[in-house]
Asks: 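I am attaching a structure below and will ask some questions about it afterwards.
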2 protein chains.
Amino acid sequence: MKDKRQLIMEATLFLFAEKGYEGTSIRDIAEKANVNVAMVNYYFGSKEKLFENIVKLKSSTTRLQLDEIASNKSLTSIEKVEMVIDSFIERLFTHRVFHRLIHQELILNQREALQCSIVDNLLPNASIIKQVIETGIKKGEFKKVDVESTIATLIGTINQILLSKKMCNRLMGKPDDYVPYEDAKFKKRVSVHLKQLMHAHLSNK
Amino acid sequence: MKDKRQLIMEATLFLFAEKGYEGTSIRDIAEKANVNVAMVNYYFGSKEKLFENIVKLKSSTTRLQLDEIASNKSLTSIEKVEMVIDSFIERLFTHRVFHRLIHQELILNQREALQCSIVDNLLPNASIIKQVIETGIKKGEFKKVDVESTIATLIGTINQILLSKKMCNRLMGKPDDYVPYEDAKFKKRVSVHLKQLMHAHLSNK
DNA sequence: AAAAGTTAATTAAACGTTTGTTTAATTTAA
DNA sequence: TTAAATTAAACAAACGTTTAATTAACTTTT
């Protein structure tokens with residue numbers, strides 16, 4: 001049987017992403033994790049500390065793939081961008097529950113400290129892409145685009161698709177009960193779109 | 001002196017967008033609007049109905065400009081896209097507080113009915129853009145792109161910039177206390193980026 | 001190996017607040 | 001005089017958290 005700490009964190013992650021921080025009660029969490037209410041405060045001290053624990057744990061595993069791509073010297077800039085796109089899509093789609101949770105916190109302006117730690121954890125990823133694009137521009141492989149806005153487009157497109165299932169399905173012409181995030185075809189579609197988009201936007205053919 | 005109904009709705013809009021639905025109490029609202037707690041339920045019946053009232057009121061004023069652009073026959077498709085971009089940026093930047101609020105609701109999966117009415121109100125705008133792009137493709141002015149994904153890029157880019165000030169500033173290389181949304185230069189920057197992007201992505205030069 | 005002792009894990013119940021909402025009384029306006 | 005607007009106070013329910021008692025899991029001692 002699983003560690004209760006872990007059971008609680010998994011249940012919390014799921015419920016927070018589904019119903020938000022304020023919308024989820026400790027009793028909800030305890031029920032979902034099949035533990036006594038008191039266990040949550042026993043292991044984590046408080047609801048807010050439980051939240052911080054989850055964010056820290058989940059954030060610690062990030063950023064490895066991106067670094068690898070950026071530092072690979074046998075790739076052209078556009079190849080790197082394409083790999084970054086696939087890496088991003090794969091990562092965000094897989095961790096979409098957590099992704100939705102941290103974006104709820106970003107949109108909300110409460111819990112300043114937590115928001116800072118989220119931004120600090122997300123930004124290095126953006127910086128790697130930034131570096132890739134800037135290098136491409138210096139080498140003359142890319143046009144002189146607005147690098148920061150281009151990153152906003154990359155991340156924003158994926159977020160637009162990822163953060164609201166209902167909106168995504170309606171926008172992409174799918175039925176309401178369709179679950180796009182587990183469909184490999186759908187992932188491929190987003191990947192192809194972003195690669196075409198970035199190629200047209202960046203490449204100095 | 002202003003109508004109390006309106007005072008309550010304005011205070012609610014501000015607080016909901018700032019602290020979320022669950023994070024805002026009726027007492028918070030009453031204090032901000034300088035009215036008695038009982039006034040909220042007296043005028044609106046319940047917290048949830050108050051929410052619905054705000055969404056309906058704010059949504060009713062949408063969609064007029066976009067229709068005008070789409071049906072203007074003296075414009076080329078790319079000109080229409082450019083005008084849609086500016087119209088979108090202007091609109092979302094101006095109503096960014098409300099915009100943040102409804103996106104909180106979209107990301108959360110509670111309050112199904114409210115989510116539906118939000119999607120129903122946002123989607124027609126997307127459909128107009130869709131129609132513009134599809135017409136451009138049929139006329140041969142545009143490449144055969146993934147129309148739905150292209151719209152996700154358009155909206156997603158603006159959302160990425162609009163929904164979190166902290167993330168926006170860090171991403172765009174601005175100091176933390178900078179307020180991008182009231183800076184005309186910043187709006188211009190986003191507009192220029194999106195137009196360049198869409199031109200490269202769509203145009204069949 | 002059994003018993004006793006010690007710590008950790010787990011529980012049901014209660015704590016004091018805060019929540020959205022309602023009541024019943026009072027003031028204001030028509 | 002009548003209806004609408006406004007108020008302070010109270011309502012029950014739900015909240016995060018704590019308590020005090022009990023069980024389980026190890027250690028140590030015999």
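Below, chain A is the first sequence line, B the second, and so on; all start at residue 1. All heavy atoms count here, side chains included; hydrogens, waters and symmetry mates do not. On a predicted model such as this, the values are computed, not experimentally measured, just so you know.
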Asks: When the nearest nucleotide of DNA chain D is assigned to B/V35 and to A/I26 on a heavy-atom basis, which residue is associated with the more 5' position?
Replies: B/V35
Asks: Tell me the interatomic distance from B/M39, atom CE, to C/dT21, atom P, rounded to whole angstroms.
Replies: 15 Å
Asks: Take atom CZ of B/R27 and atom P of C/dT18, then tell me their distance rounded to the nearest Å.
Replies: 10 Å
Asks: Can you pull out every side chain to side chain donor-acceptor pair (under 3.5 Å) where at least one residue sits in residues 167-185 of chain A? Sequence neighbours excluded, please.
Replies: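 Sorted pair list: A/R96-A/E182, A/R170-B/D120, A/Y178-A/D183.
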Asks: Heavy atoms within less than 4.0 Å of DNA chain D: which residues of residues 13-25 of chain A have one? Give them sorted by number.
Replies: A/T24, A/S25
Asks: Are side-chain N/O atoms of B/H193 and A/T153 paired as donor and acceptor at under 3.5 Å?
Replies: yes
Asks: Which residue pairs pass the salt bridge (Lys or Arg N to Asp or Glu O under 4.0 Å) test when at least one of the two sits in residues 26-45 of chain A, sequence neighbours left out?
Replies: A/K19-A/D28
Asks: The criterion is side-chain hydrogen bond (donor to acceptor under 3.5 Å, both in side chains); which residues satisfy it with B/E52, sequence neighbours excluded?
Replies: none
Asks: Of the residues in residues 41-54 of chain B, which ones touch DNA chain D at a heavy-atom distance under 4.0 Å?
Replies: B/Y42, B/Y43
Asks: Which residue pairs pass the salt bridge (Lys or Arg N to Asp or Glu O under 4.0 Å) test with at least one member in residues 146-161 of chain B, sequence neighbours excluded?
Replies: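 Sorted pair list: A/R189-B/D146, A/R189-B/E148, B/K130-B/E148.
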Asks: Is there any salt bridge (Lys or Arg N to Asp or Glu O under 4.0 Å) pair reaching into residues 194-203 of chain B, and which pairs are they, with sequence neighbours excluded?
Replies: B/D86-B/K195
Asks: Could you state the CD-C1' distance from B/E31 to C/dT19, rounded to the nearest angstrom?
Replies: 16 Å
Asks: If I compare all heavy atoms of B/K166 with all of A/V119, which pair ends up nearest, and what's the gap?
Replies: CG-CG2, 3.8 Å
Asks: Within this structure, what is the CG-to-C1' distance between B/N36 and C/dT28, rounded to whole angstrom?
Replies: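 The distance from CG of B/N36 to C1' of C/dT28 comes to 15 Å, rounded to the nearest Å.
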Asks: Once side-chain hydrogen bond (donor to acceptor under 3.5 Å, both in side chains) is applied, do any residues pair with B/K165, and if so which ones, sequence neighbours excluded?
Replies: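 Partners of B/K165 under the side-chain hydrogen bond (donor to acceptor under 3.5 Å, both in side chains) test: none.
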Asks: Once side-chain hydrogen bond (donor to acceptor under 3.5 Å, both in side chains) is applied, do any residues pair with A/E48, and if so which ones, sequence neighbours excluded?
Replies: none
Asks: Considering only distance and modelled atom types, tabulate donor-acceptor pairs under 3.5 Å from the side chains of residues 97-105 of chain A, sequence neighbours left out.
Replies:
unit_1, atom_1, unit_2, atom_2, d
A/H99, NE2, A/N159, OD1, 2.6
A/H103, ND1, A/H99, O, 3.1
A/H103, NE2, A/N159, ND2, 3.1
A/Q104, NE2, A/A17, O, 3.0
A/E105, OE1, A/R111, NE, 3.1
A/E105, OE2, A/R111, NE, 3.3
A/E105, OE2, A/R111, NH2, 2.8

Asks: Of all nucleotides in DNA chain D with an atom under 4.0 Å from a non-hydrogen atom of chain B, which is the first and which the last going 5' to 3'?
Replies: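 From 5' to 3', the first and last contacting nucleotides are D/dA4 to D/dA10.
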Asks: Quick one: which residue pairs count as a ring-ring contact (aromatic ring centres under 6.0 Å, His included) with a foot in residues 20-42 of chain A, not counting sequence neighbours?
Replies: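 Those involving residues 20-42 of chain A are A/F16-A/Y21, A/Y21-A/F51.
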